[in-house]
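One structure is given here, and the rest of the page talks about it.
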Amino acid sequence: MAGFVFVQIAYLCRNFFNMSLMLSEQEQVRRQSLAELYQAGINPYPPEQFEVTTNTQIITEQFNENKDAFQDISIAGRIMSRRIMGAASFVELQDSAGRIQLYFKRDDLCPGEDKTLYNNVFKRMLDIGDIIGVRGFVFVTQMGEITVHVTEMKVLSKSLRPLPIVKEKDGKLYDAFTDPEQRYRMRYVDLIVNEQVKDTFIKRTKAINAMRNFFNEHGYLEVETPILQPIPGGASARPFVTHHNALDIPLYLRIANELYLKRLIVGGFDGVYEFSKDFRNEGMDRMHNPEFTVLEIYVAYKDYLWMMDFTEAMIERTVKETTGTDKVKVGDHEISFQRPFKRVTMLDAIKEHTGFDVSGMDEAGLREVCAKLGIETDESMGKGKLIDEIFGEKCEPNYIQPTFITDYPVEMSPLCKRHRENPELTERFELMINGKEVANAYTELNDPIDQRRRFEEQIRLSERGDNEAMFIDQDFLRALEYGMPPTSGMGIGIDRLVMLLTGQSSIQEVLLFPQMRPEKVKKMAETSDFVKLGVPEEWATWIVQAGYQSLEAFKEEKPAVLMQKLNGLRKKNKLDIPALQIDTVEAWLK
RNA sequence: GAUUCGUUAGCUCAGCCGGUAGAGCAUCUGCCUUUUAAGCAGAGGGUCCCGGGUUCGAGUCCCGGACGGAUCACCA
């Protein structure tokens, strides 16, 4: 340990000067404190465990009922604020459960003659953001706040960057850390300082657990299927392409897991489900992330009517277990998840919201209706796509309360069984909530001949220019030819469901690490680069500080300007080196 | 991809008609033994996103670019 500490101090000293040119004042102060901790014989990153006996939430909730239980406790967490008043101080400590106030009194923390731990370690070497462990007893201050009176303190991790300081009074936030870019890029900071963010992600996991439990209770099997697929099937979307070196073939990141799950139904499972990451190489905005989470479930010997009841029950239970109620506020609307949900056929929905009865219409007729409704169309659109456009444009936004839209045109649903009463339609439903599609389900197509014909129809659409039409998966067709029992399947966009449950209006708020354009890292020239050009070391360290961050910028500078800047820095920083002469500078730039 | 708004201290933000860059919190120094977003007093801290242009002079005006937000289009 002693040897290691020496190495650490030597490293800090050697690099301090160079780093100090790049670091903000507050970062320099923290590195200084770090060095002082080592010098005081304290390891700021101790390896051994720190035993925690309780947490902030348990203390605040249970102290008043059972004071005796909290007379010798230890907790650990991050320092979020400090109020130092001479020989006494208050600290707000945050752990995973919440926050509590700590009270430090010099003579209680340091009962002997040596007051170093309080005067130097606590007051000088610790900062907001550091992680400490404390032992002590709980009491109530004159202001009525439950507080831990600290008798022992241990440094557990020194923080080298200043946290954004968010303060709160009566529910009002001061200096909140709100910039979405910084919040998403540095989610760890967001989670530390913005309490509500943690809640969102706890709810997300609760929702997924509720669904998983529901499926398991029904005896369905959670499975895993390939993410890398030779043929990206099961949906119409643009896939990501990658390459497998050993096989020397292209592979696609999955856009859906439908075709693999159905193979498992062929294989004899009664019910299979998977929570899966899917990937689509399309635009990004507040509703779309290139990777997103989907739940798909397939159950043998069922149809879409059964699946509607099943979905309804699952959603209702998930909402209750996640939020504690069956009502959720989203924007101006209060959404009730109380069963039963409304059910409307797609053609009735279009009739209701546009006045047009499009049942049985041909492509030309549909184009005419679109024109009358002011909906743009193009040559690549077939009947299904046209009806979908009308619905999406004129109907979908109206369904705020949970509503099942049923019986979609056959052209829109190449994997779905034809409707038992009308072969132009399919046995399909989508669940609309808050004007958005949340779930999608079929009575699955298990007729291999019909399935092949539908894929071929998709290929024809693809040749017309619809670049989202499906590929033909021959192995999937072979599986169907062995015989798949009648099956119903359903998929849910988990991210969008979580958005509803947490009242968020952008998908980035429910993804821990949403996709962002990579941060641009400026390539900075280093001291040694300038030394190589013949600049003496004592000057080289100041060149970056003078504003030359690349060798190119440095080499292009006029000698007189460079000399002025450097001599300016010499004067400002009272450097103990002789002032530069113009011919010296000219020599560097050659 | 289009439109639009934004980018100034560690954080949140001012900055007027173009004239030496500001506040609060945070940081540092000193004083303070129960304070409640903020004790008191003082101090330090800036590549005003980047690059051009106009100008005697640009954080400010003009052009181009980067990144981000919002809206729209495509998609789940």
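Chain naming here is simple, since letters A, B, ... match the order of the sequence lines and numbering starts at 1 in each. In this text, all values refer to a predicted model and were calculated from it rather than measured experimentally.
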* So does R83(A) get a side-chain nitrogen or oxygen closer than 4.0 Å to the phosphate oxygens (OP1/OP2) of rU36(B)? -> no
* Indicate the atoms forming the closest heavy-atom contact of V330(A) with L500(A), along with that distance. => CG2-O, 3.7 Å
Under 3.5 Å, N/O pairs linking protein and nucleotides 2-9 of chain B:
none

* Do the side chain of D179(A) and the base of rC67(B) come within less than 3.5 angstrom through a donor-acceptor pair of N or O atoms? -> no
* **Any donor-acceptor N/O pair under 3.5 Å between rU12(B) base and T178(A) side chain** => no
* To do: Assign E145(A) to base, sugar-phosphate, or nothing according to its heavy-atom contacts below 4.0 angstrom with the strands shown.
  => base
* What is the nucleic acid contact for I84(A), judged by heavy atoms within less than 4.0 Å: base, sugar-phosphate only, or nothing? -> base
* Asked: What is the distance from atom CD of E411(A) to atom CD1 of I387(A), rounded to the nearest 0.5 Å?
  -> 6.5 Å
* Asked: Around atom CZ of R82(A), are there more than 12 heavy atoms of other residues, nucleotides or ligands at under 6.0 Å?
  -> yes
* Asked: Just wondering, are more than 12 heavy atoms of other shown residues or ligands nearer than 6.0 Å to CZ in R124(A)?
  -> no
* Hey, what's the ring geometry for Y103(A) with F90(A), parallel, tilted or perpendicular (30° and 60° as the breaks)? -> tilted
* Structure fact -> pair_partner(rG6(B)), Watson-Crick or wobble, both distances < 3.5 Å, evaluates to rC67(B)
* Side-chain donor-acceptor pair under 3.5 Å between R254(A) and T225(A), yes or no? -> yes
